[in-house]
Amino acid sequence: MKIDRIIGILSILLQKERVTASELAEEFEVSRRTIIRDIDDIGKAGIPITTFQGQGGGISIMESFRLDKTLLSAADMNAILSGLRSLDSVSETKRYHQLMQKLSAEHTDTVNIGNQFIIDLSSWDKTIVSYKIELIKKAIDSRTKISFDYFSPTGESKREIEPYHLIFQWAGWYVWGFCTLRNDYRMFKLTRLTNLKCTDIPCDEREIPVYTCDRLRHTQGGIKASVKFDKSLKWRIIDEFGTELPKFCENGNIILEFTWTDIPSFYRYILSFGDKAEIISPKEYRFEFQELLKKILEKYET
């Protein structure tokens with residue numbers, strides 16, 4: 001949009017001593033003639049613009065015109081840039097890169113370009129989620145529904161939802177919204193959905209509840225069990241559960257009291273520890289897990 005471009009041009013002019021129309025045209029991916037018209041509009045708005053011809057020439061704001069930049073401190077600016085870099089890691093557009101350029105132009109003396117914080121929100125293959133994020137963001141902005149095929153532990157299904165939030169948590173990207181199939185709010189992992197489409201169907205008018213992150217979702221549920229872990233897995237247990245929930249034995253092994261959403265996902269989780277985890281109780285879970293292990297073993301005996 002033109003107003004966004006003009007604001008961007010102003011930001012660059014306030015931070016750089018001088019810039020050419022060609023550089024601005026390349027930055028905002030428009031023609032040089034469009035930039036000239038934008039500069040003329042900026043001048044008409046009362047901001048004093050000076051142009052210099054010839055080698056070393058360009059466009060600048062008159063030295064007598066100053067803007068107080070103390071609204072954001074150096075720490076504030078670096079925090080903003082860290083956040084923008086993280087969003088840029090999953091963006092298929094140049095939106096965040098251009099915004100970072102505006103905020104951290106060459107002659108800005110408040111920005112530390114050392115990048116102490118590097119936050120990469122992309123998956124191992126960036127293309128898996130980046131285009132989905134852009135499409136879902138577009139649907140959220142236009143308040144229209146999206147449709148997709150979804151793969152979950154219970155099977156495959158076709159879904160249509162009203163998307164309200166893009167969420168990065170538990171080391172993955174999710175979309176949260178109202179699911180028309182379940183008639184309730186649900187969250188879907190982006191790597192598990194395919195055939196994503198914008199439907200152009202408007203979202204219904206409804207009172208949207210506040211989204212809350214259930215950070216202990218794996219310790220809440222319908223089943224309970226006690227599991228012993230080998231001391232060599234202390235690093236992983238602390239990484240996933242912290243130091244308050246586990247009980248550390250004298251020999252270094254770890255006892256953890258679980259509550260989990262369902263038995264199949266609980267067994268899959270225990271299997272991820274190989275021979276370093278043992279279900280202690282209840283006995284029926286030990287027996288069922290033993291039967292599961294026998295079935296796995298049979299596949300390798302034939």
Side-chain angles (χ1 to χ4, degrees), residues 86 89-90 119-130 132-133 148-157 159 166-176 182 186-194 212-302:
S86 67
S89 67
V90 290
I119 306 170
D120 190 344
L121 300 179
S122 62
S123 59
W124 64 273
D125 183 355
K126 181 177 177 179
T127 60
I128 290 178
V129 298
S130 57
K132 296 176 183 177
I133 289 173
F148 52 85
D149 297 330
Y150 195 65
F151 298 83
S152 71
T154 58
E156 303 175 21
S157 60
R159 301 296 182 103
L166 276 164
I167 300 165
F168 183 84
Q169 61 184 34
W170 309 317
W173 280 96
Y174 299 80
V175 57
W176 182 87
R182 303 302 183 200
R186 291 288 189 273
M187 188 157 69
F188 302 90
K189 194 170 187 178
L190 297 196
T191 52
R192 293 183 188 171
L193 58 86
T194 60
T212 56
C213 171
D214 182 7
R215 69 182 182 87
L216 293 177
R217 75 197 190 289
H218 56 294
T219 64
Q220 301 173 354
I223 69 165
K224 295 183 179 181
S226 180
V227 181
K228 180 172 70 175
F229 298 91
D230 187 82
K231 59 185 178 182
S232 63
L233 294 173
K234 184 176 181 179
W235 63 272
R236 179 173 169 183
I237 299 301
I238 290 178
D239 182 41
E240 297 186 15
F241 298 96
T243 57
E244 296 181 2
L245 293 177
K247 298 177 182 177
F248 299 95
C249 306
E250 291 183 1
N251 62 2
N253 290 337
I254 303 157
I255 303 294
L256 196 57
E257 302 295 332
F258 278 95
T259 55
W260 211 269
T261 54
D262 60 273
I263 292 176
S265 63
F266 171 64
Y267 289 164
R268 287 194 294 270
Y269 180 74
I270 299 303
L271 280 170
S272 70
F273 291 91
D275 63 347
K276 303 297 184 181
E278 176 188 355
I279 300 174
I280 300 174
S281 63
K283 290 184 178 180
E284 57 264 34
Y285 291 175
R286 284 179 61 90
F287 176 76
E288 287 182 3
F289 193 67
Q290 184 183 61
E291 293 300 308
L292 174 62
L293 294 176
K294 287 180 180 178
K295 290 179 181 180
I296 294 173
L297 183 60
E298 287 174 0
K299 292 183 180 295
Y300 293 91
E301 289 180 338
T302 56

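As the structure is a computational prediction, the values presented were derived from the model and not from experiment.
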If only side-chain N and O atoms count, and only distance matters, is there a donor-acceptor pair under 3.5 Å linking Ser152 with Arg159?
no
So, does Asn253 use its side chain to make a donor-acceptor pair with the main chain of Lys231 at under 3.5 Å?
yes
Can you check whether Trp173's main-chain N or O pairs, donor with acceptor, with Lys132's side chain at less than 3.5 Å?
no
Using 0.5 Å steps for rounding, measure from the CD1 atom of Ile237 to the CZ atom of Phe229.
4.0 Å
Indicate yes or no: at least one non-hydrogen side-chain atom of Cys249 is less than 4.5 angstrom from one of Ile255.
yes
Nearest non-hydrogen partners of Ile270 and Ala277, listed with the distance:
CG2-CB, 4.1 Å
CG of Leu271 to CG of Leu292: how many Å apart, nearest 0.5 Å?
5.5 Å
Roughly how far, to the nearest 0.5 Å, is CD of Glu288 from CD of Glu284?
7.0 Å
Quick one: sort the Tyr285 and Phe266 rings into parallel, tilted or perpendicular, breaks at 30° and 60°.
tilted
Checking side chain to side chain contact (heavy atoms under 4.5 Å, CB included) for the pair Phe273/Asp230: CA distance, chi angles, key distance, verdict?
CA-CA 9 Å; Phe273 291 91; Asp230 187 82; over 6 Å; no
More than 12 foreign heavy atoms under 6.0 Å from CZ of Phe248: is that the case here?
yes
Pairwise distance CZ(Arg186) to OH(Tyr174) - rounded to 0.5 angstrom
15.0 Å
Evaluate Lys189 against Tyr150 for side chain to side chain contact (heavy atoms under 4.5 Å, CB included), listing each step before the verdict.
CA-CA 9 Å; Lys189 194 170 187 178; Tyr150 195 65; 3.8 Å; yes
Does the side chain of Thr194 come within less than 4.5 Å of Phe151's, by heavy atoms?
yes
Show the nearest heavy-atom pair for residues Ile280 and Arg286, with the distance to one decimal.
O-CD, 3.2 Å
Ionic contact status for Lys295 with Glu298, cut-off 4.0 Å:
no
Once you round to the nearest 0.5 Å, how far does OG of Ser157 lie from CZ of Phe148?
8.0 Å
Value for NZ (Lys247) from CD1 (Ile254), rounded to nearest 0.5 Å, stands at 13.5 Å
